[in-house]
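Below is one structure, written out as structure tokens; comments come after it.
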Amino acid sequence: MTKNDKILNLGCGNSRLGEDLSEEGYEDITNIDFSAKVISIMEEKCKAKFPKMSFKVMDALNMKEFQTGSFNTIIDKGTLDSILCADNSVPNAQKMLAEVFRVLAPGGHYICITYGDPEHRKKFLETQQWANLSVDKIPKPSTTTSSNAEENDQKNFHYIYTMTKQK
């Protein structure tokens with residue numbers, strides 16, 4: 001990911017992710033969420049400090065407002081998880097991932113941050129023709145000072161899936 005990338009923050013909610021990216025020097029950030037209330041709150045909160053950041057009310061399952069290949073990087077922090085917890089989870093996850101693949105530019109990256117381990121997430125992610133797919137496992141933040149996280153206890157970890165679209 002470079003500072004010049006056109007970035008889509010998929011299902012932004014009220015997360016600070018867009019703000020944090022802006023503070024790190026990324027300027028072309030589009031944040032979408034299906035909640036008009038959340039988008040309104042975030043626009044108001046960010047308009048003075050981050051005037052280049054945009055917010056749109058949009059459903060990740062249907063991003064028809066965006067042209068094919070519009071973004072170099074798409075970041076999903078929990079959106080796939082949310083879809084998989086709702087009604088019609090499997091077909092909706094497939095729709096969202098097809099839309100992500102469509103709006104991602106050739107050579108672009110889709111970064112999915114999830115609690116879903118590879119056994120449960122790869123079957124969804126592999127439905128698209130990615131040039132590559134990598135997984136990083138990171139411990140969840142802990143409020144305790146001792147490390148009691150069992151390496152085999154999946155609930156103690158988040159996973160970061162990074163997929164690259166073929167050029």
Side-chain angles (χ1 to χ4, degrees), residues 1-89 91-116 121 124-125 127-136 138 141 158-167:
M1 194 161 92
T2 70
K3 304 280 184 188
N4 296 324
D5 276 1
K6 188 169 182 185
I7 300 169
L8 175 62
N9 184 6
L10 188 70
C12 64
N14 63 357
S15 167
R16 280 201 37 88
L17 180 60
E19 296 165 81
D20 291 343
L21 288 169
S22 289
E23 288 171 350
E24 290 296 320
Y26 297 92
E27 292 188 1
D28 196 349
I29 303 167
T30 301
N31 300 275
I32 68 166
D33 200 283
F34 69 90
S35 170
K37 178 79 171 169
V38 164
I39 291 297
S40 176
I41 290 168
M42 293 303 288
E43 276 181 317
E44 187 62 31
K45 177 182 176 188
C46 295
K47 70 181 178 184
K49 189 171 181 183
F50 307 107
K52 293 182 180 180
M53 194 167 17
S54 67
F55 292 87
K56 296 183 182 299
V57 176
M58 191 178 298
D59 187 339
L61 278 58
N62 184 358
M63 296 185 279
K64 63 185 175 189
E65 186 178 323
F66 299 136
Q67 293 182 352
T68 298
S70 294
F71 297 94
N72 307 100
T73 302
I74 299 174
I75 303 173
D76 165 357
K77 192 177 121 196
T79 302
L80 180 59
D81 290 346
S82 294
I83 288 170
L84 288 170
C85 291
D87 292 338
N88 299 312
S89 61
N92 285 341
Q94 292 169 341
K95 282 181 193 175
M96 185 200 87
L97 291 166
E99 277 292 91
V100 164
F101 193 81
R102 183 186 69 77
V103 303
L104 189 62
H109 303 285
Y110 170 45
I111 302 165
C112 181
I113 303 161
T114 173
Y115 65 82
R121 288 297 179 266
F124 295 104
L125 299 170
T127 59
Q128 304 305 313
Q129 298 298 311
W130 302 109
N132 67 344
L133 185 158
S134 66
V135 183
D136 293 298
I138 58 170
H158 283 109
Y159 298 86
I160 301 173
Y161 297 86
T162 304
M163 287 124 307
T164 305
K165 187 172 179 178
Q166 285 188 310
K167 290 188 178 190

### Query
In terms of heavy-atom contacts, does CZ of Phe101 have more than 12 from other residues, nucleotides or ligands at under 6.0 Å?
yes
### Task
Inspect the surroundings of CG in Asn132 and state if more than 12 heavy atoms from other residues, nucleotides or ligands are less than 6.0 Å away.
yes
### Message
Applying side-chain contact (heavy atoms from CB on, under 4.5 Å) to Ser15 and Asp20, what does each step give before you reach the verdict?
### Response
CA-CA 9 Å; Ser15 167; Asp20 291 343; over 6 Å; no
#### Entry: Ile39 vs Cys12 side-chain heavy atoms within contact, under 4.5 Å
yes
### Query
Less than 4.5 Å apart, any side-chain heavy atom of Thr114 and any of Leu84?
no
### Message
Salt bridge check, Glu19 against Lys49: does any charged N sit closer than 4.0 Å to a carboxylate O?
### Response
no
### Query
Looking only at heavy atoms, what is the nearest atom pair of Tyr161 and Gly116, with distance?
OH-O, 2.7 Å
### Query
Which heavy atom in Val38 sits nearest to a heavy atom in Asn14, and how many Å separate them?
CG1-N, 4.0 Å
### Query
Where do Gly18 and Asn9 come nearest, in terms of heavy atoms and distance?
N-ND2, 3.8 Å
### Task
Find the distance between CD1 (Ile111) and CE (Met163) and round it off to the nearest 0.5 Å.
8.5 Å
In a table with atom names and distances, give each donor-acceptor pair under 3.5 Å that connects a side chain of residues 57-66 to protein atoms at least two apart or in another chain.
residue	atom	partner	partner atom	Å
Asp59	OD1	Leu61	N	2.9
Asn62	OD1	Lys64	N	3.4
Glu65	OE2	Lys56	NZ	3.3

### Task
Provide the closest heavy-atom pair for Asp33 versus Gly11 in the form atom of the first, atom of the second, distance.
OD2-C, 3.5 Å
### Query
What's the shortest heavy-atom distance between Ala105 and Gly69, and which atoms?
CB-O, 3.5 Å
### Task
Nearest 0.5 Å please: distance from the CD1 atom of Ile138 over to the CG atom of Asp136.
8.0 Å
### Task
Would you mind reporting whether Leu10 and Met96 have side-chain heavy atoms less than 4.5 Å apart?
yes
### Message
Just verifying a value: how many Å separate Asn72 CG and Met1 CE, rounded to the nearest 0.5 Å?
### Response
10.5 Å
### Task
Check salt bridge (Lys or Arg N to Asp or Glu O under 4.0 Å) between Lys3 and all other residues, then give those that pass, not counting sequence neighbours.
none
## Note on the structure
Contacts of Asp5 meeting side-chain hydrogen bond (donor to acceptor under 3.5 Å, both in side chains) (sequence neighbours excluded), chain-then-number -> Thr2, Thr73
### Evaluation steps, side-chain contact (heavy atoms from CB on, under 4.5 Å), between Tyr115 and Arg121
CA-CA 9 Å; Tyr115 65 82; Arg121 288 297 179 266; 3.7 Å; yes
### Atom pair CD1 (Ile113) and CG (Leu17), whose distance is rounded to the nearest 0.5 Å
6.5 Å
### Message
Which residue in the set Ile74, Asp28, Ile75 passes side chain to side chain contact (heavy atoms under 4.5 Å, CB included) when paired with Ile7?
### Response
Ile75
### Message
Can you see whether Tyr110 has Lys165 sitting over its ring - NZ or CZ less than 6.0 Å from the centre and within 45° of the normal?
### Response
no
### Query
If you measure from CD1 on Ile29 to SG on Cys46, what distance do you get to the nearest 0.5 Å?
9.5 Å
### Query
Distance-only, no hydrogens or angles: does the Asn31 side chain make a donor-acceptor pair with backbone N or O of Phe55 under 3.5 Å?
no
### Query
Is Thr127 reaching over with its side chain to a backbone N or O of Phe124, donor-acceptor style, under 3.5 angstrom?
yes
### Ser22 side chain vs Phe50 backbone, donor-acceptor pair below 3.5 Å
no
### Query
Taking side chain as C-beta onward, heavy atoms only, is Asp76 less than 4.5 Å from Val100?
no
#### Entry: Spacing of CG belonging to Leu104 relative to CD belonging to Glu99, to within rounding of 0.5 Å
12.0 Å
